Novice: 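Take a look at the following structure, please.
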Amino acid sequence: MWHPTEFPIVPVSARVGARRRLQAAMAAEARRRRHGRTRARLVVLVVAVVVMSGVAPMGTGGTGGPLLGLADAVAAIPPPIDAPGRHWSARTETRELLSVPVGEGQVIEFLVTAVEESWHDAGDVPRRIRTYGSPRFFSSEDEDAFNAAGLASVYGDGSRVTVPATDLGFAGPLDQADQDQIAGTLRRRIAGVGDRRMEEVHLLRLTADLILLHADDPVMRAQVLRVIADIPGIIVVPTARSVVVSIDYLDGDRPLRLMYEFDADTAHLVGEYLAALATQTEPTTVLRSARHTLPATSTATGT
């Protein structure tokens, strides 16, 4: 599993000193929480090569071959035995750099951390609860504006948000396990979200969400991997422990890269990462990182 917090948040504005202090704080926190150091270094190296290489030409990239091989392996995993009360849960740790308007012509930036817990009982709609940690600011002026705007009630330390099912990307998991049906369903849901490239970006986001929602269904995960392999323009980087899938796109005139990491044995979603790519005038900036942790077993009995 990679640790995106090891990548620097590089200054892109006049707040150079504040961002450097934030970078140092994030790096120190990552060192305290790091485990599996050898594995982390391996994947960080791979991701660093991909991210620092700049913007790949639109519509090009690695083939989906590694995804198809992983799909075949996952499809052979025995499905869990249905039982009353069977469920799974997941825990996600996120760090996100937010820019929020707080008044006419005023935008503040701050870093938020959160822990999101997800539960899915067989046959029921998934539930997610997000709990925020203490926000970090680039300046005292940003912190004052944050408090004056009442944002502490939303992003403050200990604030909890129940994520509605309608905001999960799906009202619930799909009930079909046919690649063409899944692709057709997803294509209908992303129709009209933007140009063709943005449709592919949204398609990748929805497929990653499906992988998480179907953590206890290897057949569905296998079929979703095959859908991902058909997305034009994806870049696939396999390692001994994971398969990293990314896609480059433009948000206005800013080049971004969206990345997802899937476990090389189970295809579970274990990490995601969003970065603004380096250009001639702007260095790479970490915008969002997330680490997903599933329990040792994704099924359990009881209520």
Side-chain angles (χ1 to χ4, degrees), residues 1-2 4 39 42-51 53 55-79 90 92 169-170 173-174 176-187 189-190 196-249 256-275 289-292 294 298:
M1 181 182 301
W2 79 76
R39 178 181 178 184
L42 171 65
V43 183
V44 165
L45 175 61
V46 173
V47 175
V49 170
V50 175
V51 172
S53 64
V55 184
M58 295 298 183
T60 65
T63 66
L67 290 174
L68 297 178
L70 178 56
D72 291 341
V74 171
I77 297 175
T92 301
F170 298 91
L174 298 182
Q176 69 262 28
D178 178 84
Q179 176 185 347
D180 293 335
Q181 289 181 326
I182 295 171
T185 299
L186 299 184
R187 287 287 182 187
R189 291 183 178 180
I190 63 175
R196 183 61 180 270
R197 173 49 60 120
M198 287 308 301
E199 287 188 354
E200 309 303 349
V201 171
H202 280 275
L203 180 57
L204 180 57
R205 285 177 174 149
L206 291 182
T207 53
D209 198 39
L210 266 183
I211 292 285
L212 186 61
L213 288 176
H214 289 279
D216 65 340
D217 187 342
V219 174
M220 177 64 81
R221 294 200 307 278
Q223 296 292 44
V224 173
L225 287 174
R226 295 184 177 105
V227 174
I228 296 175
D230 283 341
I231 298 177
I234 59 168
I235 303 168
V236 181
V237 180
T239 76
R241 298 179 182 273
S242 65
V243 177
V244 179
V245 180
S246 63
I247 190 169
D248 295 340
Y249 65 103
L256 301 178
R257 174 164 289 166
L258 177 65
M259 310 178 72
Y260 292 100
E261 181 191 7
F262 302 103
D263 184 272
D265 296 319
T266 64
H268 286 136
L269 178 64
V270 293
E272 56 185 276
Y273 182 71
L274 177 67
S289 64
R291 293 186 293 139
H292 303 277
L294 290 170
S298 62

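As the structure is a computational prediction, the values presented were derived from the model and not from experiment. In this chain, residues are counted from 1 in sequence order.
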Novice: Considering all heavy atoms of both residues, which atom of Ile77 and which atom of Asp265 are nearest to each other, and what is their separation?
Specialist: CD1-O, 4.0 Å
Novice: When rounded to the nearest 0.5 angstrom, what is the spacing between CZ in Arg189 and CG in Leu203?
Specialist: 12.0 Å
Novice: Distance from His202 atom NE2 to Asp209 atom CG, nearest 0.5 Å?
Specialist: 13.0 Å
Novice: Considering non-hydrogen atoms only, spot the tightest contact between Ala90 and Leu212 and give its length.
Specialist: CB-CD1, 4.2 Å
Novice: Holding to side chain to side chain donor-acceptor pair (under 3.5 Å), I want the full list of residues that pass it with Thr92, two or more places apart in sequence or in another chain.
Specialist: His292
Novice: For a quick test of reading the model, state the closest non-hydrogen atom pair linking Pro218 to Pro78 and the distance between them.
Specialist: CG-O, 4.2 Å
Novice: Could you tell me which non-hydrogen atom of Ala267 sits nearest to which non-hydrogen atom of Leu70, and how far apart they are?
Specialist: CB-CD2, 4.0 Å
Novice: Does Thr266 offer a backbone N or O that forms a donor-acceptor pair with the side chain of Arg221 under 3.5 Å?
Specialist: yes
Novice: When you compare the side chain of Asp248 with that of Ile235, does any pair of heavy atoms fall below 4.5 Å?
Specialist: yes
Novice: Out of the candidates Ile182, Val245, Val224, Leu225, only one should pair with Thr207 under the side-chain contact (heavy atoms from CB on, under 4.5 Å) rule; please name it.
Specialist: Val224
Novice: Any pair with a residue in residues 225-238 that passes side-chain hydrogen bond (donor to acceptor under 3.5 Å, both in side chains), sequence neighbours left out, goes on the list, sorted by first then second residue, please.
Specialist: Asp72-Arg226, Gln179-Asp230, Gln223-Arg226
Novice: Atom CE of Met259 and atom CD of Glu272: how far apart are they, to the nearest 0.5 Å?
Specialist: 12.0 Å
Novice: If you measure from CZ on Arg257 to CG on Leu274, what distance do you get to the nearest 0.5 Å?
Specialist: 11.0 Å
Novice: Could you work out, with salt bridge (charged side-chain N to carboxylate O under 4.0 Å, His left out) as the rule, every residue matching Glu200, not counting sequence neighbours?
Specialist: Arg187, Arg196
Novice: Show, in sequence, the C-alpha distance, side-chain angles and deciding distance for Phe262 and Val270, and conclude whether the side-chain contact (heavy atoms from CB on, under 4.5 Å) test is met.
Specialist: CA-CA 6 Å; Phe262 302 103; Val270 293; over 6 Å; no
Novice: Does Ala264 have any side chain to side chain contact (heavy atoms under 4.5 Å, CB included) partners at least two apart in sequence or in another chain, and if so, which?
Specialist: none
Novice: With side-chain contact (heavy atoms from CB on, under 4.5 Å) as the test, would you mind laying out the steps for Val227 and Leu210 before giving the verdict?
Specialist: CA-CA 11 Å; Val227 174; Leu210 266 183; over 6 Å; no
Novice: How long is the span from the OG atom in Ser242 to the CG atom in Asp263, to the nearest 0.5 Å?
Specialist: 8.0 Å
Novice: Calculate, to the nearest 0.5 Å, the distance between atoms CG and CG belonging to Leu186 and Leu204 respectively.
Specialist: 11.0 Å
Novice: Please test Arg205 against Ile190 for side-chain contact (heavy atoms from CB on, under 4.5 Å), starting from the C-alpha separation and ending with a verdict.
Specialist: CA-CA 10 Å; Arg205 285 177 174 149; Ile190 63 175; over 6 Å; no
Novice: Specify the closest pair of heavy atoms between Leu68 and Ala229, including all atoms of both residues, with the distance to one decimal.
Specialist: CD2-CB, 3.8 Å
